[in-house]
Structures are given as structure tokens and as C-alpha cells.
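Below are the C-alpha cells for one structure; questions will follow.
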Number of protein chains: 2
Amino acid sequence: MRGGAITDLRNKIIHASLHLFEEHGYHGVTVKQIVETVGTSKGGFYHHFTSKDELLFVIHDTFITYVLEKATTANATYTSPTKRLQAIIKSFVKVFDLYKPHISVFYQESNYLKGKYESLIKCKRDQFKKIIFDVVNEGKKCGEFRESLSAEIASMAILGMVNWTYKWYKQSGEKSIDEIGDIFVDLILRAILSNDPTFSNEYHEFILG
Amino acid sequence: MRGGAITDLRNKIIHASLHLFEEHGYHGVTVKQIVETVGTSKGGFYHHFTSKDELLFVIHDTFITYVLEKATTANATYTSPTKRLQAIIKSFVKVFDLYKPHISVFYQESNYLKGKYESLIKCKRDQFKKIIFDVVNEGKKCGEFRESLSAEIASMAILGMVNWTYKWYKQSGEKSIDEIGDIFVDLILRAILSNDPTFSNEYHEFILG
DNA sequence: AAAATTAGACCGACTGGTTGGTCTGTTCAA
DNA sequence: TTGAACAGACCAACCAGTCGGTCTAATTTT
């Protein structure tokens with residue numbers, strides 16, 4: 001039996017590291033701690049990873065790759081910028097349930113990535129930003145979003161609002177991740193939708209009444 | 001001549017550490033590096049700080065203390081929640097020009113604070129959150145903000161949007177920090193202001209036109 | 001005023017403990 | 001018999017923090 005099994009040592013290491021990194025930070029966790037948590041040895045660890053740095057990279061990469069794919073799919077599913085943005089945000093927010101520890105590590109420890117690892121992640125991260133930015137810009141062009149909107153700032157505002165969720169979201173919290181996603185979409189659309197009735201659509205009517 | 005001088009070794013150390021930490025992270029910078037950058041020695045460093053941890057704390061504390069004071073002042077200056085929120089956001093965003101490195105360290109390295117340092121910072125941080133939360137709640141109560149608004153999620157959305165600025169803001173950028181602040185206020189007010197004409201005020205007219 | 005004393009600021013070699021990573025095995029399934 | 005998977009003792013490098021000592025300027029004593 002090769003790869004894939006949930007009980008693979010490799011996956012166990014990643015899983016354990018994720019939670020350790022999330023709580024104590026990358027430099028707050030030693031390889032010794034990781035292997036002891038998993039119940040393996042230095043040998044086991046370095047059989048599957050060339051370095052501690054590579055482990056950090058793998059965690060980053062699995063997350064950003066997943067998110068990027070989801071955003072691309074959401075983007076391809078719709079044509080209207082409003083619907084696209086809504087789908088992207090909702091799909092991204094949903095990731096918090098699955099990848100909370102990945103996300104924490106992604107945003108807390110990314111500046112410890114070095115060399116090629118850093119470039120590889122930066123590239124994908126920029127792709128994701130570009131998707132948001134393009135949608136906002138497209139929305140302005142076709143009149144669904146306000147013309148006066150600064151696409152750059154609005155994009156970063158959206159990203160910030162959504163990304164920041166990793167700092168406070170708890171699965172045990174009052175609101176489900178789906179509800180939070182809906183609230184975010186509501187807030188964002190209210191903030192950026194055009195008031196011009198010429199371009200009004202179902203969202204305008206629903207949200208702006 | 002005692003204390004205060006800009007050339008004080010203590011201040012020099014803080015200043016240099018700020019930039020080193022911002023770029024390489026707390027654990028990515030050694031005390032040796034710090035003292036070499038400043039042009040002092042281990043002795044000089046440990047004469048002014050009891051530990052590297054204390055230096056990290058001092059950086060956190062000067063920033064959060066400043067922000068908290070600004071928010072309190074802004075809060076005391078106005079009574080209407082809309083004006084209050086606007087003032088708080090604008091004053092907070094302005095801090096980015098003065099305290100950018102502090103903020104980066106604050107959000108990137110805070111989970112390396114230990115023991116009493118951690119509790120002290122957490123306390124002030126919670127106070128700041130509470131100020132935002134209370135304003136939003138007050139706004140709902142008096143009808144200026146939408147009744148359907150979730151105060152918790154909206155507060156965190158606002159905080160996220162604003163806090164995230166540290167990830168992308170450059171002084172050399174296209175927009176000044178003042179313009180960014182105005183855009184944020186605009187986005188936020190559009191998202192949360194009530195549509196009920198009964199409570200409409202100058203901001204409703206200005207923004208929702 | 002000159003000498004003696006004190007105290008704070010700063011220096012830098014040194015240390016004890018830790019850490020990421022290596023290397024020589026051992027196990028076991030194919 | 002072969003090689004992938006794993007074990008764990010070991011190591012060189014590093015790092016936060018220490019400690020005895022120096023320099024200087026203020027303060028006290030004579």
C-alpha cells in the first residue's frame with residue numbers, strides 16, 4: 001500500500017505540526033517535539049522531509065493550492081462580477097472549517113519561508129489576489145460596482161476582512177462559518193454595489209431594498 | 001542629561017529591532033545581530049533590557065498603549081456612534097504612518113509573548129476590541145446602524161479590514177494613509193448604516209445619497 | 001581645588017543548554 | 001535478498017543570557 005492512507009507517517013507529521021505550529025509558532029516548536037507528539041523518531045521525520053523548512057512549505061502549499069483552485073472554480077462558474085465575488089468569498093470563508101490551522105500557519109509564519117519556498121508561495125498568493133482584484137475591476141467596468149470605488153483599496157479591504165477571520169473564528173462559536181460568509185458577502189456588497197438603478201439586479205433589490 | 005534623547009542606546013536598540021523583527025521575525029533575529037546593527041554589545045543590550053522577551057513586550061506595549069489612548073480620545077470627542085466610529089477608524093489608520101513596524105511585529109510575533117507579558121498585552125488588546133464593539137452596538141441601539149447587523153461579526157470585519165492594512169500598506173504607495181482611511185470609513189458606513197430615513201443624518205445623505 | 005569614591009553605562013569572552021540535521025544501523029514486507 | 005521505512009545516538013553550530021571588568025562623569029571627602 002503506497003501513499004494516501006490517513007495513517008501515513010507523513011500525514012501524521014503534517015497534522016501534528018499544524019496544531020503545534022498554530023499554538024506555539026514555527027520557531028516555538030522543535031523537531032523533537034513533533035516526532036514525540038507523533039510517536040516517531042528523527043529518522044522517521046527526515047525520511048519524509050528534507051528539512052523542517054520543507055514541512056513549513058508543504059503546509060503553506062497545500063492550503064494556498066486548494067484555495068486557489070476553489071477561487072478559480074468559483075470564478076469560472078459565474079460571469080457576473082457580483083455573483084463571482086459572492087461565490088469566491090463564500091468558498092474562501094468555507095475553507096476556514098477545513099483548514100483553520102493551515103491558515104493560521106500561513107498568515108503567522110510565512111515570513112520564515114526562505115529562498116525557493118518563499119517564491120513559490122508568493123507566486124500563488126499573488127494569483128489569488130489578482131483574482132479578487134480582477135473581479136472588482138470587472139464589476140466597476142460593467143457598472144455593477146460603484147465607479148468611484150478604488151479597486152486596489154477595496155480588494156485589500158475585502159481580503160483583510162475575510163483573512164482576519166483566522167484570528168477569531170472558532171468552530172464552537174455562535175455563528176456557523178456559512179452564516180459568517182453570508183454576513184461578509186452582505187457587508188461587502190452593500191459597500192461596493194452601485195446605486196445606479198440602471199444596473200440594479202437581484203442583489204441590489206435584496207440588499208439595498 | 002538623562003533619558004529621552006533620541007540617541008539613547010535603549011531607543012536605538014528598539015528602533016533597530018523593530019526593522020529587523022519586521023523583516024525576519026522575532027526568532028529570525030538574534031541578540032548578536034541586534035547589537036551589531038546598533039553598534040553596541042551584549043552588555044549594552046542587557047543593561048537596558050532584562051531579556052529579549054522584554055524587548056518584544058516593550059514594542060508591543062508602546063504601540064497598543066498609543067492606539068488605545070487615541071481610540072479613547074476619539075470616543076470621548078463625539079457622541080454619535082457614526083461619528084465616533086469614523087473618528088476611531090481614521091485615528092487608527094493614521095497610526096500606520098508612525099507605527100508600521102510596531103504593527104507588523106504586533107500582529108506577527110504576538111504569540112511569542114509569554115507569561116505576564118502575554119496577559120498584559122492581551123488585556124489592552126481586548127479593551128480596544130471592546131471600544132469598537134460597544135460603538136457598533138450603540139449604533140444599532142440608537143438606530144443609526146442597521147438593526148439586522150450582527151455586532152460581533154461586523155466588529156471583527158471592521159477590525160480585520162483595518163488591521164490587514166499592515167500587510168500591504170507602503171508609505172510610497174499611490175494613496176496616502178489619509179485617503180485610505182477615508183475609503184475605509186466610506187466602505188464601512190455604507191455597509192452598516194441604517195436605511196431607515198427616520199435616523200438618517202449627514203452621513204446617510206453624503207454616502208447613500 | 002584636588003583627590004578619592006561611587007555609580008551607572010557599556011564591553012565582550014564565555015557558558016550551558018538547545019536545535020536542526022546526520023549517520024549507522026534494524027526491521028520487515030515483497 | 002533487496003530496499004523502503006523507521007529508530008535513536010550523536011554532533012556541530014548556535015543562541016540567550018552571564019559575569020568580571022573598564023571607562024567616564026558626577027558626587028563626596030579632605
Side-chain angles (χ1 to χ4, degrees), chain A residues 1-21 23-60 105 109-118, chain B residues 1-21 23-60 105 109-118:
Chain A
M1 183 80 69
R2 271 303 203 63
I6 298 171
T7 50
D8 267 2
L9 184 57
R10 186 186 160 88
N11 287 326
K12 274 181 160 177
I13 290 173
I14 293 176
H15 188 259
S17 306
L18 230 23
H19 293 280
L20 288 170
F21 289 166
E23 198 175 334
H24 306 109
Y26 179 68
H27 285 285
V29 177
T30 69
V31 176
K32 197 177 166 229
Q33 278 176 272
I34 294 170
V35 300
E36 275 170 6
T37 304
V38 175
T40 180
S41 63
K42 284 285 189 80
F45 182 94
Y46 283 98
H47 180 72
H48 290 287
F49 300 95
T50 65
S51 65
K52 194 186 170 193
D53 283 337
E54 197 211 335
L55 170 60
L56 184 64
F57 168 74
V58 169
I59 290 173
H60 274 72
V105 173
E109 317 295 335
S110 63
N111 63 340
Y112 291 125
L113 286 171
K114 299 291 168 211
K116 65 171 178 180
Y117 295 143
E118 189 185 2
Chain B
M1 183 82 68
R2 271 303 204 64
I6 298 173
T7 49
D8 267 3
L9 185 55
R10 186 186 159 90
N11 287 328
K12 272 182 164 179
I13 290 173
I14 292 176
H15 188 259
S17 305
L18 230 23
H19 292 280
L20 288 170
F21 288 165
E23 198 175 334
H24 305 108
Y26 179 69
H27 284 285
V29 176
T30 69
V31 175
K32 198 179 165 226
Q33 277 176 274
I34 295 170
V35 299
E36 275 170 7
T37 304
V38 175
T40 181
S41 63
K42 282 284 188 81
F45 182 95
Y46 284 98
H47 180 72
H48 291 286
F49 299 95
T50 65
S51 66
K52 195 186 170 192
D53 283 337
E54 197 211 334
L55 169 61
L56 184 64
F57 167 74
V58 169
I59 291 172
H60 274 71
V105 173
E109 317 293 337
S110 62
N111 64 340
Y112 291 125
L113 286 172
K114 300 292 170 210
K116 65 172 178 180
Y117 294 144
E118 190 186 1

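Each chain gets a letter, A, B and so on, in the order its sequence line appears, and its residues count up from 1. As the structure is a prediction and not an experimental result, all values here were calculated from the model.
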Those residues of residues 40-52 of chain A lying under 4.0 Å from DNA chain D by at least one heavy atom: A/Thr40, A/Ser41, A/Lys42, A/Gly43, A/His47, A/His48
DNA chain D-proximal residues of residues 28-38 of chain B, any heavy atom under 4.0 Å: B/Val29, B/Thr30, B/Val31
Least distance between heavy atoms, B/Arg10 atom then B/His48 atom: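 Nearest heavy atoms, B/Arg10 then B/His48: NH1-O, 3.3 Å.
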Whole-Å distance separating the CZ atom of B/Phe57 from the P atom of D/dA16: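 Distance, rounded to whole Å: 20 Å.
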Heavy-atom pair of closest approach, residues B/Tyr112 and A/His24: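 Distance-wise, the nearest heavy atoms are CE2-O, 3.3 Å.
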Other residues, nucleotides, ligands: >12 heavy atoms within 6.0 Å of A/Lys32 NZ: no
Value in whole Å for how far the P atom of C/dT18 lies from NE2 of A/His27: 18 Å
Whole-Å distance separating the CD atom of A/Glu54 from the P atom of C/dG20: 15 Å
Atom pair distance, as rounded to whole Å: CG in B/Leu56 and P in D/dG17: 12 Å
The single option from A/Val31, A/Thr37, A/Val38 passing side chain to side chain contact (heavy atoms under 4.5 Å, CB included) against A/Val35: A/Val31
A/Lys114 NZ to C/dG20 P, straight-line distance once rounded to whole Å: 15 Å
A/Glu23, CD: over 12 other non-hydrogen atoms inside 6.0 angstrom: no
Heavy-atom pair of closest approach, residues B/Ser17 and B/Ile34: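 Residues B/Ser17 and B/Ile34, closest heavy atoms: OG-CG2, 3.6 Å.
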Between P of D/dA5 and CD1 of A/Ile13, the distance in whole Å: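 The answer, rounded to whole Å, is 12 Å.
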A/Lys116 to A/Phe57 six-membered ring, cation-pi geometry met (6.0 Å, 45°):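 Cation-pi check for A/Lys116 and A/Phe57: fails.
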Atom NE2 of B/His19: over 12 foreign heavy atoms under 6.0 Å: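 Yes, enclosed.
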